[in-house]
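Before any comments, here is the structure.
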Amino acid sequence: AAGVDERLSAQAREFLARPHRLLIDGQWVDAEDGRTFGTYDPATGAEITQVAHGGPADVDKAVAAARRAFDDGGWSTMKPNQREQILWRIGDLLDERAEMIGQIEALDNGKAATIATAVDVAWAADVFRYYAGWATKIEGTTVDVSMPFAGDKQFHAYTTRVPVGVCGQIIPWNFPLVMASWKLGPALATGNTLVLKPAEQTPLTALILGEICAEAGVPDGVVNIITGFGDAGAAISGHPDVDKVAFTGSTEVGKKIVEAAQGNLKKVSLELGGKSANIVFADCDWDAAVAGSVAAWMFNHGQACTAGTRLYVEDSIYEEFTQAVADAAAQATIGHGLDPATELGPLVDQDQFDKVSYYLRAGIEDGGRALTGGNRHGDTGFFVQPTVFVDVEPDHRVVTDEIFGPVVSALRFSDVDDAVRQANDSTYGLAAGIWTKDISKAHHVASRLQAGSVWVNQYNGFDTAMPFGGFKQSGWGRELGKGALDLYTQTRSVNIAL
Ligand code: ADP
């Protein structure tokens, strides 16, 4: 029957057996029109459960609730140390339920439950605790003003940081809970209220997070969750009573968000696509570089905006290195996310499977060669083989386009200048990797890369305290770190004539 899997814990089954409704003003409610939609296990294609299908009318209700909650001040003027404790409790509750949440994430998204628990849930908890700490550290300044046209008068001038108001937050399916934590953590720490829309492919862990927020003491109406599709996202980004929209997803939809936001000029932050360069110099630590360069594009089945999918290898080691990468990639254990041996799960849905399959064909049609992989894996579910393309040119589709699957294109470079020029030859600028034992070369190359994050002798070296975001068409603004507080606050300047 739907949702029942022997491998699921009792808590996970209990969650799945419940109705999955919208969270509006502290109540779990059906969609206005009563519609629901199915969410599916990408490893089997089987329906997991039905979820309320929120649309524009539900977004209206959620925004009204968030507005009321913001205006009544119960959250935005709550003592910072109380907000701190509530955020900290959210982190604790996530940790307490890590196994169950990891299982639900694995079932909904396809990723391995072991990874979802150890990485996704643990990181989300860390994000809430990190921003819990910031709640008591939001500070303004005093300014020694001159007021040249005011003669000898004296003034006392200061700034305060105040919340933006009602925030719309739209997130993708690749790291459902983590993306929700990046959005909620800084927004809540700074006293905003919000409407979160998880991706239609992976709505479940956001609902668990909604329950946890209530349990931790977040007042009604502060966190509203609308499960639904792009029309619900569009209703949020175009809503005249939403003050800010934060979006993570494709560059294509990001541009639509910007257009929709124009109506009331709501503030916009965007975390978009990438086609990140991973540069391997001949003087690298070989084993670390091979393992790290495989993980760079295979982590999360390549469904990561930072995936290091343009692998630039120095000429002298190109053949041997790409072969080592292909051999290591081919070793990955592919399977169901709930199977403890699984390293590589399925892609998230049919659309994503079709898109990646298109690129597997395009790689060959454009003249490339697959050193390993190139096909789907098995005949059920949305599994594809990890694929390494060589003999590719800079204008091949697999080199220019974001694929969002376990597919890498390996290119050669001759020297530092050539590596930097090729790495920067992209409309994206999200992340980059550098592998070399020469630390001065690493700093030099890092300083020339057009990328929001540069990782040296590691890949995906994320930390909650490090700002993350894109150059060029990879986005606007920086999440994580203290910079995210700027996305969710605005400055008020107060100048008092004494
Ligand atoms: P991906 O390509 O990773 O699926 P998308 O950019 O399509 O990413 O989707 C990311 C999020 O944006 C999802 O929650 C999706 O429902 C939402 N979305 C899709 N279309 C729109 C739109 N026109 N306006 C706002 N949100 C949208």
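Residue indices begin at 1 and follow the sequence shown. What you see is a predicted model; the values in this text were computed from it and never measured. Read the numbers this way: they start at 1 and go in the same order the structure lists the ligands and their atoms.
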>> Which protein residues come within less than 4.0 angstrom of ligand 1, counting heavy atoms only?
In response: Ile170, Ile171, Trp173, Lys197, Pro198, Ala199, Glu200, Phe229, Gly230, Gly233, Ala234, Phe247, Thr248, Gly249, Ser250, Val253, Lys256, Ile257

> Is it true that Asp120 and Lys111 have a side-chain N and a carboxylate O under 4.0 angstrom from each other?
Replying inline: yes

> Is the Phe37 ring parallel, tilted or perpendicular to the Phe229 ring (thresholds 30°, 60°)?
Replying inline: perpendicular

> What orientation do Trp182 and Phe468 show, parallel under 30°, tilted 30 to 60°, or perpendicular over 60°?
Replying inline: perpendicular

> Are Asp243 and Arg67 ion-paired here, with the side-chain N under 4.0 Å from a carboxylate O?
Replying inline: yes

> On the ring face of Tyr428, is Lys472 found with NZ or CZ under 6.0 Å from the centre and within 45° of the axis?
Replying inline: no

> So, do His20 and Phe15 have ring centers that fall under 6.0 Å from each other?
Replying inline: yes

